[in-house]
Amino acid sequence: MLTFVGLGLYDLGDISVKGLECVRNADAVFLEAYTSRLMGTDVPAMEAFFGKEVRVLGREDVEQDPREILDAAATGRVAFLTGGDPMVSTTHADLRMRAAAAGIETSIIHASSISSAVCGLSGLQNYRFGKSCSVPFPAKGWFPTAPVETVAANLALNLHSLVYLDIQKDRYMRVSEAIAILEEMAEKAGIEPPALYVGIARAGSAQPVVRAGTGARLKETDFGPPLHILVVPAELHPVEREYLEAFAGL
Ligand SMILES: C[S@@+](CC[C@H](N)C(=O)[O-])C[C@H]1O[C@@H](n2cnc3c(N)ncnc32)[C@H](O)[C@@H]1O
């Protein structure tokens, strides 16, 4: 049995009661920490809280050669942990299908996700979001402009854009870096950079930071420690504007 368990957004208090029961009863517990990360806790604290050893997996262990997970699930109960909801902005549908093809029973225990938390924190209505995109750290000789083109296509349809920010081993993209990269991408693609942004830090913590404003203003704003995420809003509905004025300093 392979159960995908969402950990929620920030710390150990975000897992559901069902999720906690599943982990505590599991024969093996795996953690995928490369698509998202709970910044309010760490692996030793998780192991103490769950009373289980937690095996941390890299992208290759999940997406290329998931034999270790599938072998464990073929003979016992496996809990596969992911930050946020396990099936939102991850590739884990593939692992579930591989397990099913191998005759392994699967299930999902959902959790709070950054994709819904941004709506609550920003007041931007969830049905007005278009396609999401991710801003990667630029690498030598590699500077894609696809993210800003996705944002521009959404704006043309008057839709908001959720912009995920890159996570690498111990490096987390900040709102200011993401805006600077989007502006550079816009220049390279020959399109207007977005006029308005909403930056969000540490959703799910007791003190999330939410600020709306121009790129110039948000690049100067201190959002504090990671994780950060960005939204490029479309034309604001009056209620969305009022909410951003009340809760995001617009
Ligand atoms: C690829 S998405 C994975 C989403 C996850 N499966 C979920 O449902 O929340 C991860 C990105 O979302 C953003 N993110 C995730 N959790 C966050 C949080 N608590 N506060 C701010 N941004 C967050 C970061 O930009 C991070 O790189």
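Counting starts at 1 for both ligands and their atoms, following the listed order. Heavy-atom basis, side chains included; hydrogens, waters and symmetry copies ignored. Residue indices begin at 1 and follow the sequence shown.
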For atom CD of Glu245, decide whether the heavy atoms of other residues, nucleotides or ligands shown that lie under 6.0 angstrom number more than 12.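 Yes, because the 6.0 Å sphere around CD of Glu245 holds more than 12 heavy atoms from other groups.
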Regarding ligand 1, does [X] bring an N or O atom to under 3.5 Å of one of the ligand's N or O atoms?
X      : result
Ala203 : yes
Gly204 : no
Ile114 : yes
His228 : yes
Tyr164 : no
Leu9   : yes
Leu165 : yes
Asp85  : yes

For [atom], what's the nearest protein heavy atom and its distance?
atom                    : value
atom 15 (C) of ligand 1 : Ser36 OG, 3.3 Å
atom 8 (O) of ligand 1  : Ser113 OG, 2.7 Å
atom 10 (C) of ligand 1 : Thr35 O, 3.1 Å
atom 21 (C) of ligand 1 : Leu227 O, 3.2 Å
atom 4 (C) of ligand 1  : Val88 O, 3.5 Å
atom 13 (C) of ligand 1 : Ile229 CD1, 3.8 Å

Check Arg59 with Glu32, please: is the shortest side-chain N to carboxylate O separation under 4.0 Å?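 Looking at Glu32 and Arg59, the cut-off is not met.
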Salt bridge flag under 4.0 Å for residues Lys219 and Glu177: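 So Lys219 does not pair with Glu177 through a salt bridge.
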Minimum heavy-atom separation for Leu244 to Ser122, with atom names?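 Of all heavy-atom pairs spanning Leu244 and Ser122, the closest is CD2-O, 3.2 Å.
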Side chain [X], main chain [Y], donor-acceptor under 3.5 Å:
X      : Y      : value
Arg77  : Asn25  : yes
Thr90  : His92  : yes
Asn154 : Lys131 : yes
Asp61  : Gly58  : yes
Ser116 : Ser112 : no

List ligand 1 atoms under 4.0 Å from Gly83, heavy atoms only on the residue side.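 Counting atoms of ligand 1 from 1, those under 4.0 Å from Gly83 are 5 (C), 6 (N), 7 (C).
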Enumerated ligand 1 atoms positioned under 4.0 Å from heavy atoms of Ile167: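 Those atoms are 26 (C), 27 (O).
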Using side-chain heavy atoms (C-beta onward) and a distance below 4.5 Å, is Ile200 in contact with Val198?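 Ile200 reaches Val198 side chain to side chain.
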Is Thr90 touching ligand 1 with its side chain, its backbone, both, or neither, if touching means heavy atoms under 4.0 Å apart?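 Answer for Thr90: side chain.
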Part of Arg202 within contact of ligand 1 (heavy atoms, under 4.0 Å):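 For Arg202, only backbone atoms sit under 4.0 Å from ligand 1.
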Could you go through the ring-ring contact (aromatic ring centres under 6.0 Å, His included) check for Phe30 and Phe80 one step at a time? CA-CA 5 Å; Phe30 295 97; Phe80 178 85; 7.4 Å; no
